[in-house]
*Asks:* 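Take a look at the following structure, please.
Treat the numbers as computed from the prediction; the structure is a model and nothing was measured. All chains are named by letter (A, B, ...) in the order of the sequence lines, taking the proteins before the strands, and each is independently numbered beginning at 1.
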Amino acid sequence: MTASTAFHLLDERIQRFLWVEQWEALRDVQELAIPLIVAGDQDVIVAAATAAGKTEAAFLPALTHLLQHNPAGLIVYVSPLKALINDQFGRLERLCETLEIPVWPWHGDVSSSVKSRFLKKPSGVLLITPESLEAMLCNRGTAVAGAFSNAVYFVVDELHAFIGSERGKQLQSLMHRIDSVLGRQVPRIGLSATLGDMQLAATFLRSGRPVAIVETGSGGATLKVLVKGFEEPARLDKAPGPNDGLSTTAIARDLFTNLRGSNNLVFPNSRREVERYAHLLSGLCEEARIANEFWPHHGSLSREIRNDTEVALKQKDRPATAVCTSTLELGIDIGAVKSVAQIGPPPSVASLRQRLGRSGRRRGESAILRGFVIEDALGSQSTFSSQLRLDVVEIAASISLLLENWFEPPVTHGAHLSTLVQQLLSVIAQYGGMNASSAYRLLCGSGAPFEGLSPAMFTELLRHLGQEKILQQDGSGLLLHGPRGDQLVNHYTFYAAFLNDEEFRVVTGGKALGTLPVHQLLVAGQRILFAGRTWLVESVNDSDKTIFVTPSKGGAPPLFSGTGGRIHSRVRQRMRELYRGSGLVRFLDPTAQRFLDEGRLAYQGLALDERWLVDQGPYCLLLTWLGDAANEALACRLSAAGLPSALAPLGVEVTKGDLRTEVIIERVMALAHEAMPGVDDLLAEAKNLQRQKWDWALPPKLLRATYASLNLDLDEAQGWLASVHSLPNDA
DNA sequence: GACCTGCTGCGGTCTG
């Protein structure tokens with residue numbers, strides 16, 4: 001420890017604490033970050049793998065700065081999760097107690113007495129969520145200057161979880177608004193898992209100013225991968241209803257055999273599948289007369305049930321495997337995990353990478369990934385997708401990109417005008433009204449979160465919000481809340497920037513089990529799977545949004561629905577390379593390899609290398625081999641040109657109507673020479689563009705703009721059109 | 001269209 005120069009930069013009281021705690025050495029990331037942060041005068045990103053000591057890398061030097069330069073100073077730590085705030089409070093409190101620095105947790109579960117005590121003497125470390133920060137600015141506008149006057153640092157944890165989302169835009173805006181009140185830029189520290197493009201993260205943290213970057217590698221951990229294929233026989237009865245498929249049962253048996261006795265994570269891609277597998281696996285434990293080792297975990301389960309699963313994973317004396325959704329992708333500490341199972345293609349390479357980051361964290365151990373994929377038995381009725389074996393090719397493409405250390409960059413170019421509506425209302429609450437030009441400067445000016453929105457667009461937004469009675473102007477031109485704006489702001493749901501589905505509570509004997517999406521059809525007497533068990537629905541109360549259930553025996557269809565997600569162009573291109581290739585992919589088992597070979601055969605049989613258009617009777621399939629953002633843009637372009645089109649698995653589907661295929665080919669090729677129309681014309685006929693929380697409050701033009709910025713890749717679509725005349729097409 | 005995350009102030013009742 002004494003050999004470390006970084007160690008000697010820390011305050012003596014912190015050095016002494018580390019001695020007492022018997023720290024042997026600073027971690028790499030700490031050595032590198034301490035000299036950059038201790039001066040308290042620049043923005044820094046600290047990127048390292050989970051559990052590499054990032055939090056200390058930020059707090060040890062930031063606290064040193066506080067002790068030596070600004071004893072009444074304040075460090076503001078922002079977390080995406082309440083659970084993380086509670087974790088960090090535990091970790092920081094002991095150190096800070098010896099330093100006589102107060103630590104203040106602040107989120108929805110923290111009592112108001114703690115909050116008012118902080119506001120009386122706002123110094124030390126504040127641990128807060130973006131939503132609570134929003135509430136503070138909104139409701140205590142006059143207290144903001146005082147509360148943050150001694151702010152030394154903003155520390156943003158799990159930065160990667162914010163980049164590209166509504167919450168990320170909101171957080172940028174909140175930090176910018178506080179800087180604006182203080183009339184200075186409070187230095188920012190971003191803590192993150194390793195990211196592909198650090199420059200994107202740096203620009204997100206602060207635009208228009210250099211950001212120092214500390215990045216340490218993943219430590220060269222090895223990865224063992226095996227993907228197993230399962231063939232689902234054709235159903236003879238063709239009965240609709242629950243798919244209690246043989247493959248699902250076979251996968252459950254495989255998981256039971258291989259995962260028993262150790263800690264693992266299993267990721268089917270939906271809550272519905274989590275329920276199905278957790279139920280099957282618990283049943284297998286019961287059959288084998290052993291204690292249950294498989295626990296469900298997803299966002300609809302109650303905190304209590306999720307806790308049981310987390311505790312089971314953490315405790316050392318009995319093995320436990322969680323069957324889960326992305327709830328266990330984020331930073332809560334669940335201890336080391338031996339392997340990760342992915343059932344079906346992952347939502348993205350980035351999420352697969354995040355999931356895998358949970359495995360092989362003990363020294364000398366490899367990370368283990370077990371992939372599972374189900375394909376239907378081929379027959380005369382097999383669909384195009386089924387013949388091509390899309391799922392096995394997609395999971396193979398994702399894993400091969402993962403092995404090359406590539407993953408999707410976050411989408412940082414979204415306009416997020418929904419969140420601008422929120423921020424406008426919040427700023428008006430904070431200042432008790434604001435004139436239009438000041439509001440524009442604050443939110444859309446240079447370095448502001450919504451920079452790039454033109455004054456004309458902003459004016460159009462204000463006019464529309466006025467018409468909708470969300471805003472109004474007083475005699476002096478001051479913007480104020482209109483009656484509807486007042487209602488919006490004065491409800492606690494205002495503070496979150498993101499939307500969520502309305503849900504029913506599921507209750508048994510007075511105990512809450514969790515929640516279910518409200519759009520499900522429910523009838524008394526029905527059996528449902530929930531929390532890995534079967535329940536009988538006793539009654540449903542519509543006004544209380546509550547479902548009362550009692551334990552029951554026997555299977556039933558689970559209640560969650562669907563799959564989705566957007567695929568990146570790079571994944572589609574890798575899929576095509578796999579179709580064009582030959583030979584073995586080393587991480588596929590014999591069945592999965594056979595699926596791939598069958599897909600390759602279909603690819604050749606359909607001559608997909610020699611054409612970009614496949615005639616499918618009532619419609620034509622345009623094969624772009626691009627990602628969904630490009631395909632959707634292309635579908636809009638074609639529809640606007642009079643060829644009604646929709647997204648398809650490998651490209652775009654054009655409805656032929658009265659047109660012959662040759663005419664469609666001609667008209668598509670003619671578009672190569674025409675410029676892409678503006679977004680407003682492109683989406684003129686498009687309906688159902690509202691995706692984000694306040695999208696409903698936007699005028700049509702701005703709704704189209706914000707939708708396109710998040711969902712469409714116009715350049716890629718135009719690039720494909722421009723190249724189409726040089727592609728072979730023996731249709 | 002998979003998944004995930006978050007939330008105030010006030011008025012009521014009860015306890016020490």
*Asks:* In whole Å, what is the span from the CD1 atom of A:Ile567 to the C1' atom of B:dA2?
*Replies:* 12 Å
*Asks:* To the nearest Å, how far apart are A:Asn269 CG and B:dG1 C1'?
*Replies:* 13 Å
*Asks:* Tell me: CD1 of A:Ile163 to C1' of B:dC4, nearest whole Å?
*Replies:* 17 Å
*Asks:* Given atom CG of A:Asn490 and atom C1' of B:dC10, what is their separation to the nearest angstrom?
*Replies:* 12 Å
*Asks:* So if I take residues 425-433 of chain A and measure heavy-atom distances to DNA chain B, which residues fall below 4.0 Å?
*Replies:* none
*Asks:* Just checking, is any N or O donor in the side chain of A:Glu310 or A:His297 under 3.5 Å from an acceptor N or O on the other one?
*Replies:* yes
*Asks:* I'd like to know if the side chain of A:Asp486 and the backbone of A:Gly482 have a donor-acceptor N/O pair within less than 3.5 Å.
*Replies:* no
*Asks:* Determine yes or no for a side-chain-to-main-chain donor-acceptor pair under 3.5 angstrom, with A:Ser173 supplying the side chain and A:Pro449 the backbone.
*Replies:* no
*Asks:* Verify the distance criterion only: is there a donor paired with an acceptor across the side chains of A:Arg140 and A:Gln430 at less than 3.5 Å?
*Replies:* no
*Asks:* Are any protein N/O atoms closer than 3.5 Å to N/O atoms in nucleotides 11-16 of chain B? If there are, list each pair with its distance.
*Replies:*
none

*Asks:* Rounded to the nearest 0.5 Å, how far apart are CG of A:Leu401 and OG of A:Ser348?
*Replies:* 11.5 Å
*Asks:* List the steps, then state whether side-chain contact (heavy atoms from CB on, under 4.5 Å) holds for A:Trp104 with A:Leu127.
*Replies:* CA-CA 6 Å; A:Trp104 309 94; A:Leu127 312 173; over 6 Å; no
*Asks:* Test your reading of the model: is there a side-chain donor-acceptor pair from A:Ser339 to the backbone of A:Asn264, 3.5 Å cut-off?
*Replies:* no
*Asks:* Which dot-bracket string describes DNA chain B (Watson-Crick N1-N3 plus N6-O4 or O6-N4, or G-U N1-O2 and O6-N3, all under 3.5 Å; [ ] crossing; | other strand)?
*Replies:* ................
*Asks:* Take the protein atom CG of A:Asp391 and the nucleotide atom P of B:dA2, then report the distance between them rounded to whole Å.
*Replies:* 16 Å
*Asks:* To the nearest 0.5 angstrom, please state how far the CG atom of A:Leu171 sits from the OG atom of A:Ser165.
*Replies:* 9.0 Å
*Asks:* Determine yes or no for a side-chain-to-main-chain donor-acceptor pair under 3.5 angstrom, with A:Asn631 supplying the side chain and A:Leu626 the backbone.
*Replies:* yes
*Asks:* Could you state the CZ-C1' distance from A:Arg566 to B:dC3, rounded to the nearest angstrom?
*Replies:* 15 Å
*Asks:* For the ring pair A:Trp694 and A:Phe494, is the centre-to-centre distance below 6.0 Å?
*Replies:* yes
*Asks:* Not counting sequence neighbours, which residues clear ring pair (Phe, Tyr, Trp, His ring centres under 6.0 Å) with A:His568? List them please.
*Replies:* A:Trp406
*Asks:* Rounded to whole angstroms, how far apart are CZ on A:Arg355 and C1' on B:dC4?
*Replies:* 11 Å
*Asks:* Report yes if at least one side-chain N or O of A:Ser270 is closer than 4.0 Å to OP1 or OP2 of B:dC3; otherwise report no.
*Replies:* no
*Asks:* Quick test: give all pairs of protein nitrogen or oxygen and nucleotides 5-7 of chain B nitrogen or oxygen below 3.5 Å, distance rounded to 0.1 Å.
*Replies:*
residue : atom : partner  : partner atom : Å
B:dT5   : OP1  : A:Arg306 : NH1          : 2.7
B:dT5   : O3'  : A:Pro80  : O            : 3.3
B:dT5   : O2   : A:Arg167 : NH1          : 3.2
B:dG6   : OP1  : A:Lys82  : N            : 2.5
B:dG6   : O3'  : A:Thr129 : OG1          : 3.3
B:dG6   : O6   : A:Asn500 : ND2          : 2.3
B:dG6   : N1   : A:Asn500 : ND2          : 3.2
B:dC7   : OP1  : A:Gly108 : N            : 2.9
B:dC7   : OP1  : A:Thr129 : OG1          : 2.8
B:dC7   : OP1  : A:Ser132 : OG           : 2.8
B:dC7   : OP2  : A:Gly108 : N            : 3.2
B:dC7   : O2   : A:Tyr492 : O            : 2.2
B:dC7   : O2   : A:Thr493 : N            : 3.3

*Asks:* Looking at A:Asp157 and A:Val78, would you say the former's side chain and the latter's main chain have a donor-acceptor pair under 3.5 Å?
*Replies:* no
*Asks:* side-chain hydrogen bond (donor to acceptor under 3.5 Å, both in side chains) with A:Arg484: which residues, sequence neighbours excluded?
*Replies:* A:Glu468
*Asks:* Donor-acceptor check, side chain of A:Arg572 to backbone of A:Pro649, threshold 3.5 angstrom: yes or no?
*Replies:* yes
*Asks:* On the nucleotide B:dG9, are OP1 or OP2 found under 4.0 Å from the side-chain N or O atoms that A:Arg140 carries?
*Replies:* yes
*Asks:* Nearest-Å distance, CD (A:Glu632) to C1' (B:dG1)?
*Replies:* 11 Å
*Asks:* Indicate whether OP1 or OP2 belonging to B:dC3 is found under 4.0 Å from a side-chain N or O atom of A:Arg271.
*Replies:* yes
